[in-house]
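Written out below as structure tokens is the structure these notes cover.
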Amino acid sequence: MKFIDEYRDAKTAQRYARVIARMTTRPWTIMEVCGGQTHAIVKFGVDELLPKQLTLVHGPGCPVCVTPVELLDKAIAIAARPEVIFCSFGDMLRVPGTGKDLFSVKAEGGDVRIVYSPLDALKLAKENPQRQVVFFAVGFETTAPANAMSVYQAREQGVANFSLLVSHVLVPPAMEAVLSSPNNRVQGFLAAGHVCTVMGYTEYEPIAAKYRVPIVVTGFEPLDLLQGIAMCIRQLEQGRAVVENQYARTVRREGNRPAQELIRKVFHVIPRKWRGIGEIPQSGLGLRDEFAAFDAEHRFNVAAHQVAEPAECISGLVLQGVKKPHECPVFATRCTPEHPLGATMVSSEGACAAYYRYRRSSRVTP
Ligand code: SF4
């Protein structure tokens, strides 16, 4: 398939692997930030091609995984209201809140719908003026422009029965949280190509300089990942720490300026709690005061409450690259995609789900 096959060619992959092996003279640990990259690495066995000294650890870049239980409980409370049509991307529906998930709300008669874009939810709001339509706006910088556009259009078009339940998080503060942790073992990053398509990569340059870590903006296909790893290793071996762009077919240094402008118009930067990690300062997006009327948390006045994570779930350590999924004592036994204890098992981008799907027969570190 054009534009896919050329990035999955086995012979080229093996050539890259040999180049990486020749370059690697000592142990290094690299984190791929994005859950989509984690899935590609595990699915295609990219890590199994690498030399033993090289360890890939999986980062916090799965927005579903890091959405706090408190916010899921708010989503569930709003979705259960009779006047509400609650819209979400499909992968949020099975993520467990404290007592149930959004699928259970749907099974109990709640009007919960899977949509593919916030603009579909806005259309539903226009078609159902007597109902309240809420879109669960989960994601990193990648999904922020479309979510911003939906609210912007709702205001311009006077669609008062539309609102967003916002759970947006930002990548650079999460990378800094990983690097500042006393448990940190990450020496280089593969940054998420799609996030950088929107935001560019100037935000990463001060991080590379401050923490002396190479950061390579990387795509999602096996050859993208191998090339990104090779670029990162080259920097590590040479003692350099700058931002480089492997995903140049999509990413420009300055990113997509009109999309950034739209994000800034609608959202502002706020502190956010990350599931398993805790609050990270300036790590999320919330609606600006001008758009507060479209904020579902205010509109439905759902109470905030503190929720403890299941004690045996170590997803916080998995999301920070400190542990691998199969090191969790209940991985693939008491925790499976059918009965997930933590969001990294239920989300399609979660590291635990990737290990379960592709490696559950061998609970051995590659
Ligand atoms: S296997 Fe399950 S319980 Fe263990 S870290 Fe992953 S999500 Fe949490």
Side-chain angles (χ1 to χ4, degrees), residues 29 31-43 45 47-48 55-73 75-76 88-104 136 138-140 167 169 174 177-178 181-186 272-280 306-366:
T29 299
M31 173 179 275
E32 83 279 356
V33 172
C34 172
Q37 292 170 327
T38 303
H39 263 251
I41 286 167
V42 180
K43 177 178 176 184
D47 47 351
E48 292 170 338
T55 305
L56 292 186
V57 292
H58 318 306
C62 160
V64 176
C65 304
V66 299
T67 300
V69 180
E70 292 91 323
L71 206 69
L72 276 158
D73 285 347
I76 288 161
S88 170
F89 296 135
D91 49 2
M92 286 309 296
L93 266 60
R94 290 186 52 245
V95 184
T98 309
K100 56 171 98 166
D101 56 24
L102 285 164
F103 256 134
S104 316
F136 201 0
V138 173
F140 282 91
S167 180
V169 277
V178 167
S181 160
N183 297 325
N184 175 48
R185 56 182 182 139
V186 175
R272 274 254 177 236
K273 185 175 174 195
W274 295 53
R275 187 173 189 169
I277 298 176
E279 184 167 304
I280 303 178
Q306 292 297 316
V307 179
E309 303 280 343
E312 55 208 327
C313 176
I314 60 161
S315 60
L317 297 176
V318 174
L319 290 164
Q320 295 175 80
V322 178
K323 294 273 187 193
K324 294 230 181 181
H326 64 272
E327 293 174 292
C328 173
V330 292
F331 171 77
T333 53
R334 294 210 328 99
C335 183
T336 63
E338 291 73 35
H339 300 286
L341 290 181
T344 42
M345 183 58 93
V346 76
S347 161
S348 62
E349 288 195 356
C352 297
Y355 273 61
Y356 185 87
R357 184 162 180 196
Y358 300 113
R359 294 209 177 128
R360 68 182 179 278
S361 55
S362 88
R363 297 180 59 194
V364 175
T365 317

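Just follow the structure's listing: the first ligand is 1, and inside any ligand the first atom is 1.
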Has T333 got a side-chain atom pairing as donor or acceptor with V330's backbone, closer than 3.5 angstrom? yes

Total protein N/O/S atoms sitting under 2.8 Å from atom 2 (Fe) of ligand 1, waters ignored, is 1

So, D91 versus S347: side-chain donor-acceptor pair below 3.5 Å or not? no

Can we say R272 and E279 salt-bridge, meaning some charged N sits less than 4.0 Å from an Asp/Glu carboxylate O? no

Taking only residues two or more places apart in sequence, or in another chain, which ones meet C65 in a disulfide (SG to SG under 2.5 Å)? C62

Indicate the atoms forming the closest heavy-atom contact of E32 with L56, along with that distance. OE1-CB, 4.2 Å

Distance flag, aromatic centroids of H58 and Y355, threshold under 6.0 Å: yes

